[in-house]
Novice: 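Structure in structure tokens, see below.
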Amino acid sequence: MSFSTLNIAASGLTAAQRAVEIAAHNISNSAVPGYTRQRAGLAAAPAVPGTPGLAGSGMRGTGVQVVSIERLRSQIGDLAVRAEAGTAGSTGARAAVLDRAQGILGPYGEGVPKALSDLWGAFGNLATSPSSPAARQAVLDKAASVAGGLNDAASELEQIRADTTSQFTDGVAEANALLRQVAGLNQSVADAVSAGQAPNDLLDTRDLALDRLAELTGSTVVAQANGVVEVRIGSEPVVTGNTAVELVAGSAPPPAGYVGADPVLQIGTGSSARTVLSGGVLGGQVATASTDLRDVERRLNEFATAVRDVVNTQHQAGFDLSGAAGGPVFSGTGARDLAVDPALTANRIAASGGSVAGGNPLDGENAVALAGLGSAAGGGAALDERVVGLATLLGSRAAQALRAAETADTAFSGRIEARSAENGVSIDEEMVDLVKYQKAFDAAGRVISIADGMLDTIINRMGAGR
Amino acid sequence: MTVRVPTATTYSRLERGLAVSLARVQTLQGQLSSGNRIGKLSDDAVGAAAGLRLRAAEADFAMYARNAADAQAAIGLADSTLQSMSSLLVQARSLGVSGGNGSLDSAGRAALADSIASLREELGDLANTPYLGRALFGGYRPAAVASSGIPPTYTFTGDAGTVSRQVSPSVTMPVNLDGREVLGFAAGPGQDLFATLTALESAVRSGDSAALETAQTALTARTSDVTSALGRIGAMSNRVSAAVQVGTSTVDRLTEQRSQIEDVDLAQTIMQLQVAQNSYQAALGAVARADLPSLANFLR
């Protein structure tokens with residue numbers, strides 16, 4: 001009999017206490033985002049060789065020890081989540097922009113298509129009563145609504161671009177903060193790892209930052225020695241060791257003939273600036289602003305100039321109340337500045353089909369032709385068909401983007417769930433652990449009582465002193 | 001492999017399920033309360049395009065209907081005017097026949113001649129019948145004829161303008177008649193309706209039977225001009241009526257088609273809403289029961 005039983009039992013008490021502590025830590029953090037469950041890594045303490053003789057030979061165990069605190073997380077889960085995070089981020093950003101852009105022509109059934117129909121109707125009424133000042137004024141008003149509707153569409157489009165750019169700028173600032181955080185955590189993790197520690201909670205914080213970075217920029221992560229990670233956007237390293245690169249929300253000049261600037265993600269400023277091809281929310285915003293919105297802008301301007309040219313050509317073929325040839329109805333260069341020509345007054349509307357000295361106020365033949373312009377194909381599709389084409393482009397793009405975003409979002413949350421099935425805390429499991437270690441603790445305590453009794457027997461009840 | 005169910009996952013799943021079912025309920029409620037299936041273009045991009053096309057076509061047909069109504073009014077007025085002119089010409093003819101009766105004395109012939117003169121004046125007024133500012137037989141001009149002198153000489157003051165109306169996508173048709181043909185100005189100088197009546201009047205007044213014969217022959221030709229104008233007006237009226245009929249049925253068809261595309265199918269949507277509400281209630285129930293007893297409840 002020696003005191004080693006007491007030591008063995010004491011190691012059991014310590015290990016059980018440590019394991020209960022870990023269960024308590026898990027339970028406390030069960031609702032913390034990004035927390036990874038931990039587990040006590042228990043192992044038998046090194047055995048000692050037996051003493052041949054009285055007690056017999058054989059390796060004698062010396063109890064239990066906590067060799068590690070394991071972090072139950074797999075890299076595969078992280079890879080899967082982050083790969084999908086980039087897609088979910090970019091499709092979500094595109095859907096948000098296009099969902100808004102589909103409303104630029106006005107509400108369904110109202111807005112530009114209706115204004116255009118109203119203009120044809122006003123020309124039709126003018127054809128019936130070519131000398132009526134009311135019919136002439138109505139044409140002016142309806143033409144102004146068409147121009148106004150297109151102006152609104154163009155300025156709404158510019159507003160969407162501006163808002164997207166400012167969201168992009170905020171996103172870049174957030175990404176920079178995260179990059180600095182990851183670089184700082186890289187340093188702390190490396191310090192802990194080289195001191196032989198497992199910095200589990202630091203790793204959780206860093207993984208959370210890396211998840212958000214992947215969603216924002218589509219970044220990828222490469223593990224390196226000492227628990228350090230390198231973060232890349234595309235092929236460009238943005239965090240190396242404890243240093244982070246500063247991302248810049250730059251702006252690129254618009255394509256020729258367009259207004260406003262396109263957002264672009266850059267590293268460095270001035271002449272050393274280079275563009276980074278990013279995915280994620282930022283990449284989605286860049287791509288949508290510089291392709292989809294530009295495309296819509298081009299189609300809108302094409303439509304506006306088509307309205308201007310088709311209506312002006314027919315109007316200039318007619319003659320006004322005084323018998324003079326008609327002037328332009330619309331002036332301007334695109335949807336932004338389309339306007340009713342300032343020289344066009346009610347009496348200058350060319351309703352007549354023929355020129356008569358002093359005018360022919362009751363000839364409405366050119367108004368008949370103007371009223372039919374909506375469905376007259378002149379140099380391409382008819383105007384009514386073109387405005388439907390524009391609306392269809394907006395609607396189907398938005399619908400497609402929304403569907404893609406929904407699909408990506410479902411996949412993203414599926415992967416998050418799959419990952420958390422592995423690293424999330426289950427209260428039941430922790431309760432079982434608590435019970436298990438409580439029993440072990442109780443039993444180890446009991447062992448100490450028994451060892452104490454045995455020692456009492458040896459020390460107090462045996463030998464010559466009695 | 002044991003399936004692990006982390007506690008937080010259970011709750012996030014419930015939360016997601018709740019959000020999805022509620023969103024579905026709200027979408028359907030919005031459709032029901034507005035009656036529209038398409039709120040935004042992206043709700044049904046293809047349907048929205050078809051709906052916009054149908055709306056444009058409906059607006060076009062509304063315009064054709066307005067044009068046709070105007071055309072009907074103009075044609076109807078022309079028809080009744082020509083009918084009146086025709087009956088005046090018949091009266092003039094019988095006055096002329098009475099004037100040829102040799103038993104009449106000069107006072108009796110003068111009375112007949114005066115009647116013919118007043119018929120001519122009446123015809124002049126009818127020829128200038130206005131419609132929306134222009135004269136029915138004056139092309140684009142406000143008056144078809146003007147008279148001067150004693151006995152009055154009538155001159156054509158209208159023009160050859162054709163007033164046309166688009167009454168269907170394919171039909172843009174004239175809705176007036178050339179006044180020169182109706183009133184006989186096309187037949188040559190001195191051959192017009194009014195000159196013929198003046199000739200008849202003077203023949204009756206003077207009792208010149210040869211001149212009376214010539215004037216009656218000329219009057220027959222003018223009467224047939226008016227009769228043939230009536231025929232052309234009738235044909236125009238038929239054409240407009242046909243276009244109106246086609247237009248009305250087309251508008252009904254367009255509206256029906258658009259309603260099928262844009263409007264919610266009430267029965268179907270109500271059923272879908274019921275299903276969605278049931279699933280939302282089920283999700284709510286799941287959340288209410290999500291306070292599952294954990295092992296902690298069973299340990300002392």
Novice: Of the listed residues (A:Ser129, A:Gly124, A:Ser117, A:Ala421), which shares the most heavy-atom pairs with chain B below a 4.5 Å separation?
Specialist: A:Ala421

Novice: Within the side chain of B:Gln166, is there an N or O that forms a donor-acceptor pair under 3.5 Å with the backbone of A:Gly372?
Specialist: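 Such a contact is absent between B:Gln166 side chain and A:Gly372 backbone.
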
Novice: Ignoring hydrogens and geometry, is there a side-chain-to-backbone donor-acceptor pair from B:Ser42 to A:Ala398 under 3.5 Å?
Specialist: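 Pair absent, no side-chain N/O of B:Ser42 close to backbone of A:Ala398.
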
Novice: Please look at A:Thr128 and chain B and tell me whether the side chain, the backbone, both or neither of the residue comes under 4.5 angstrom of a heavy atom of that chain.
Specialist: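 For A:Thr128, heavy atoms of backbone and side chain both lie under 4.5 Å from chain B.
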
Novice: Where on A:Leu402 is there a heavy atom nearer than 4.5 Å to chain B: the side chain, the backbone, both, or neither?
Specialist: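 For A:Leu402, side-chain heavy atoms alone lie under 4.5 Å from chain B.
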
Novice: Using every non-hydrogen atom in the two residues, find where B:Ala49 and A:Val388 come nearest and quote the distance to one decimal.
Specialist: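 Closest pair (atom of B:Ala49, atom of A:Val388, distance): O-CG1, 3.6 Å.
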
Novice: Given a strict heavy-atom distance threshold of 4.5 Å, which part of A:Ala401 is in contact with chain B: side chain, backbone, both, or neither?
Specialist: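 Contact with chain B involves no heavy atom of A:Ala401 at all.
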
Novice: Given a strict heavy-atom distance threshold of 4.5 Å, which part of A:Glu422 is in contact with chain B: side chain, backbone, both, or neither?
Specialist: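 It is the backbone, since no side chain atom gets that close.
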
Novice: Quick check on A:Asp363 against chain B: is it the side chain, the backbone, both or neither that has a heavy atom closer than 4.5 Å?
Specialist: both

Novice: If we ignore hydrogens and angles and just use 3.5 Å, is the side chain of B:Arg4 paired with the main-chain N or O of A:Gly424 as donor and acceptor?
Specialist: yes

Novice: A:Leu394, A:Leu393, A:Asn125: which one forms the most heavy-atom pairs within less than 4.5 Å of chain B?
Specialist: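 Highest number of pairs under 4.5 Å: A:Asn125.
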
Novice: What part of A:Asp118 gets closer than 4.5 Å to chain B, counting heavy atoms only: side chain, backbone, both or neither?
Specialist: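 Contact with chain B is absent: no heavy atom of A:Asp118 under 4.5 Å.
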
Novice: Are B:Arg55 and A:Lys114 close enough that some pair of their side-chain heavy atoms sits under 4.5 Å apart?
Specialist: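 Not touching, per the 4.5 Å side-chain cut-off.
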
Novice: Provide the closest heavy-atom pair for A:Thr392 versus B:Ala45 in the form atom of the first, atom of the second, distance.
Specialist: CG2-O, 4.4 Å

Novice: In terms of heavy-atom proximity below 4.5 Å to chain B, should A:Asn26 be classed as side chain, backbone, both, or neither?
Specialist: neither

Novice: Can you measure from CZ (B:Arg141) to CG (A:Asn360) and round to the nearest 0.5 angstrom?
Specialist: 5.0 Å

Novice: Closest approach of B:Tyr140 and A:Glu365, non-hydrogen atoms and distance?
Specialist: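 So the two residues come closest at OH-CG, 3.1 Å.
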
Novice: Looking only at side chains, do B:Arg16 and A:Ser413 share a donor and an acceptor under 3.5 Å apart?
Specialist: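 Yes, a side-chain donor-acceptor pair sits under 3.5 Å.
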
Novice: Can you see which heavy atom on B:Leu52 is nearest to which on A:Ala391, and at what distance?
Specialist: CD1-CB, 3.4 Å

Novice: Could you give the distance from CG (B:Leu41) to CG (A:Leu98), rounded to the nearest 0.5 Å?
Specialist: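 Here the rounded value is 12.0 Å.
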
Novice: Contact part of A:Arg397 toward chain B, heavy-atom cut-off under 4.5 Å: side chain, backbone, both or neither?
Specialist: neither

Novice: At a heavy-atom separation under 4.5 Å, does A:Glu430 approach chain B through its side chain, its backbone, both, or neither?
Specialist: neither

Novice: So which heavy atom on B:Leu132 is nearest to which on A:Leu362, and how close?
Specialist: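 What the structure gives for the nearest pair is O-CD2, 3.8 Å.
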
Novice: Mind listing the closest non-hydrogen atom pair of A:Ser420 and B:Thr9 along with its distance?
Specialist: OG-OG1, 3.0 Å

